[in-house]
Amino acid sequence: MKNRICVIFTGGTIGSVVSGNTVDLSRDDKSVLIEKYTALYGNSVKFDTLRPLNILSENVQPSDLEKMADCVRGVNLDDYDGIIMTHGTDTLCFTANLFSQIFCDIKVPLVFVSALYPLDDTRSKGVENFAGAVTFIQSVDFGGVFVSFQNYGENCKIHLASRLIAATQISGEYESILNVDFGEIVNGKFVYNCAPQNPTIEQLKAPRKKCNAQKLCTDMVTIQAHSLLNFNYYRFTDVKPKAVMVQLYHSGTVCTEGEEANFKKFLAYCKNIGIQVVIAPIDSRARIYESALGLPELCTAAYDISFEMATVKVLLALGSDKKIEDELKENYFFEKLY
């Protein structure tokens with residue numbers, strides 16, 4: 001039985017306590033999460049712990065992400081059956097997608113766990129998410145980056161980190177793109193989801209090449225399409241980004257008529273001042289709306305991946321001096337749906 005796991009603590013709600021109406025980081029070095037897990041599930045698993053930083057995830061900086069990555073790189077994988085990394089829910093999606101790229105070829109499971117409420121709150125699922133990660137690690141014989149998360153009224157789900165999408169507004173629940181998770185924990189056992197969109201176990205066991213891009217660059221502006229969006233307010237006269245990402249509507253569209261809201265006019269502006277524009281998400285198998293005809297030819301399109309993953313790929317390409325187009329075509333850890 002697999003019984004040794006490295007746990008990397010980084011803070012977040014799962015590492016916080018409640019004081020009145022405020023949630024803040026716990027300053028206690030003891031591992032309350034492991035204590036609660038052991039009380040419920042026994043002590044058959046040996047946990048070694050690391051704590052490279054202790055922050056609320058909304059405050060994460062590029063240097064913090066590098067500390068977290070360096071901590072993973074410093075773990076002797078031969079000594080462990082897997083790694084669990086605790087993380088705040090606010091930016092869990094970004095870090096999970098990022099690590100799915102830079103650690104796409106990791107030979108043991110690296111599983112992110114978090115909680116919507118501190119562990120001393122009865123609504124918290126932090127221990128359940130941690131237990132799900134342990135069960136998953138004990139159940140598989142392949143590596144990769146995953147997320148263990150239980151939504152209200154559901155079993156604990158295991159997600160491919162490369163397909164995790166942003167949490168739902170207010171409720172903070174997490175899903176995979178297309179609502180296809182990788183599996184779930186049922187009665188203390190991991191059950192693989194054999195949906196056709198998921199990679200097979202054989203594919204997960206096969207060797208994967210290392211990600212070409214390993215460094216981040218934050219010189220990018222993100223714009224989310226919404227009704228009556230005025231693109232004229234995006235004028236880069238003082239500071240010019242290296243790229244602009246525009247999150248399209250679910251159907252792969254954005255306004256292309258009128259004046260202020262006309263995306264094509266904004267594209268012309270960006271081209272004139274030398275800024276690359278990336279659009280996502282786009283389903284390559286879907287019918288194209290008339291309003292979106294010709295858009296991929298006017299900018300850079302990210303096909304068949306989530307907007308969150310496209311964001312990670314662009315930032316990594318910019319930081320690693322790689323072509324954005326080349327990185328968007330790569331499929332390092334099953335981020336491509338087709």
Side-chain angles (χ1 to χ4, degrees), residues 57-60 89-94 96-98 116 151 163-179 216-315 317-318 324-325 327-328 335 337:
S57 71
E58 60 270 27
N59 294 328
V60 70
T89 52
D90 281 346
T91 60
L92 170 66
C93 184
F94 179 84
N97 274 273
L98 172 65
L116 294 174
N151 291 330
R163 296 188 181 181
L164 194 72
I165 57 175
T168 55
Q169 296 183 34
I170 307 299
S171 66
E173 296 188 331
Y174 273 105
E175 299 288 352
S176 293
I177 193 169
L178 297 182
N179 290 325
L216 284 172
C217 172
T218 59
D219 295 343
M220 185 181 77
V221 170
T222 301
I223 302 173
Q224 182 176 7
H226 61 79
S227 295
L228 308 181
L229 171 63
N230 189 335
F231 281 106
N232 283 346
Y233 284 111
Y234 294 92
R235 291 296 181 263
F236 309 108
T237 54
D238 295 327
V239 180
K240 188 173 76 171
K242 292 181 179 178
V244 172
M245 283 204 64
V246 177
Q247 182 174 6
L248 306 178
Y249 292 117
H250 70 91
S251 55
T253 62
V254 63
C255 178
T256 53
E257 293 188 358
E259 293 298 323
E260 297 89 351
N262 192 327
F263 178 56
K264 289 184 176 179
K265 291 183 179 294
F266 176 70
L267 284 178
Y269 163 74
C270 288
K271 182 178 180 180
N272 185 55
I273 62 173
I275 297 177
Q276 186 169 356
V277 179
V278 182
I279 55 175
I282 304 176
D283 185 341
S284 65
R285 297 186 179 183
R287 290 188 174 92
I288 301 174
Y289 282 77
E290 188 276 335
S291 58
L293 288 173
L295 283 186
E297 289 72 40
L298 297 174
C299 54
T300 303
Y303 288 101
D304 304 326
I305 57 176
S306 68
F307 180 78
E308 293 80 2
M309 174 53 69
T311 301
V312 163
K313 283 182 175 287
V314 172
L315 293 178
L318 293 174
I324 291 175
E325 297 87 345
E327 290 306 301
L328 289 173
E335 58 267 23
L337 296 174

Sorted by first residue and then second, give each ring-ring contact (aromatic ring centres under 6.0 Å, His included) pair with at least one member in residues 271-311; sequence neighbours left out.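 Counting only pairs at least two positions apart or across chains, no ring-ring contact (aromatic ring centres under 6.0 Å, His included) contact touches residues 271-311.
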
Between the main-chain N or O of M309 and the side-chain N or O of S306, is there a donor-acceptor pair closer than 3.5 Å?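 It does hold such a pair.
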
Donor-acceptor contacts under 3.5 Å from residues 272-280 side chains, at least two apart:
residue: Q276; atom: NE2; partner: T300; partner atom: OG1; Å: 2.9
residue: Q276; atom: NE2; partner: E325; partner atom: OE2; Å: 3.0

Below 3.5 Å, can you tabulate the donor-acceptor pairs from side chains in residues 217-229 to any protein atom, sequence neighbours excluded?
none

Summary of salt bridge (charged side-chain N to carboxylate O under 4.0 Å, His left out) pairs that have at least one residue in residues 302-313, sequence neighbours excluded: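 Sorted pair list: K313-E335.
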
Write out all pairs satisfying salt bridge (charged side-chain N to carboxylate O under 4.0 Å, His left out) with one or both partners inside residues 275-299, taking only residues at least two apart or from two chains.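 Pairs touching residues 275-299 that pass the test: none.
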
Closest approach of [X] to [Y] (non-hydrogen atoms, all atoms of both residues):
{"X": "N97", "Y": "R163", "answer": "OD1-N, 4.3 Å"}
{"X": "F263", "Y": "F231", "answer": "CD1-CZ, 3.6 Å"}
{"X": "L328", "Y": "A302", "answer": "CD2-CB, 3.9 Å"}
{"X": "G252", "Y": "A292", "answer": "O-CB, 3.6 Å"}
{"X": "C299", "Y": "L267", "answer": "CB-CD2, 3.8 Å"}

Just so I know, are the side chains of [X] and [Y] near enough to count as touching, which here means a heavy-atom distance under 4.5 Å?
{"X": "Y269", "Y": "R235", "answer": "yes"}
{"X": "Y174", "Y": "I165", "answer": "no"}
{"X": "I282", "Y": "I305", "answer": "no"}

Measuring from atom [atom1] of [X] to atom [atom2] of [Y], what distance do you get when rounded to the nearest 0.5 angstrom?
{"X": "L295", "Y": "L248", "atom1": "CG", "atom2": "CG", "value": "7.5 Å"}
{"X": "E260", "Y": "N230", "atom1": "CD", "atom2": "CG", "value": "5.0 Å"}
{"X": "L315", "Y": "F94", "atom1": "CG", "atom2": "CZ", "value": "5.0 Å"}

Considering residues at least two apart in sequence or located in another chain, which fulfil the side-chain contact (heavy atoms from CB on, under 4.5 Å) criterion with L116?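 Partners of L116 by the side-chain contact (heavy atoms from CB on, under 4.5 Å) criterion, ordered by chain and then number, come out as T89, F149.
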
What residues form a side-chain contact (heavy atoms from CB on, under 4.5 Å) with D90, not counting sequence neighbours?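 With neighbours one apart ignored, the set is S57, E58.
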
By side chain to side chain donor-acceptor pair (under 3.5 Å) - contacts of [X] (at least two apart):
{"X": "S171", "answer": "T168"}
{"X": "N262", "answer": "none"}
{"X": "T253", "answer": "S251"}

Set of residues satisfying salt bridge (Lys or Arg N to Asp or Glu O under 4.0 Å) with respect to K265, sequence neighbours excluded: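 For K265, the residues satisfying salt bridge (Lys or Arg N to Asp or Glu O under 4.0 Å) (neighbours in sequence not counted) are E259.
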
Contacts of E327 that satisfy salt bridge (Lys or Arg N to Asp or Glu O under 4.0 Å) - sequence neighbours left out: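 For E327 there are no salt bridge (Lys or Arg N to Asp or Glu O under 4.0 Å) partners, ignoring immediate neighbours.
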
Assess whether atom CD1 of I288 is packed by more than 12 heavy atoms of other residues, nucleotides or ligands within 6.0 Å.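 12 or below, so no.
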
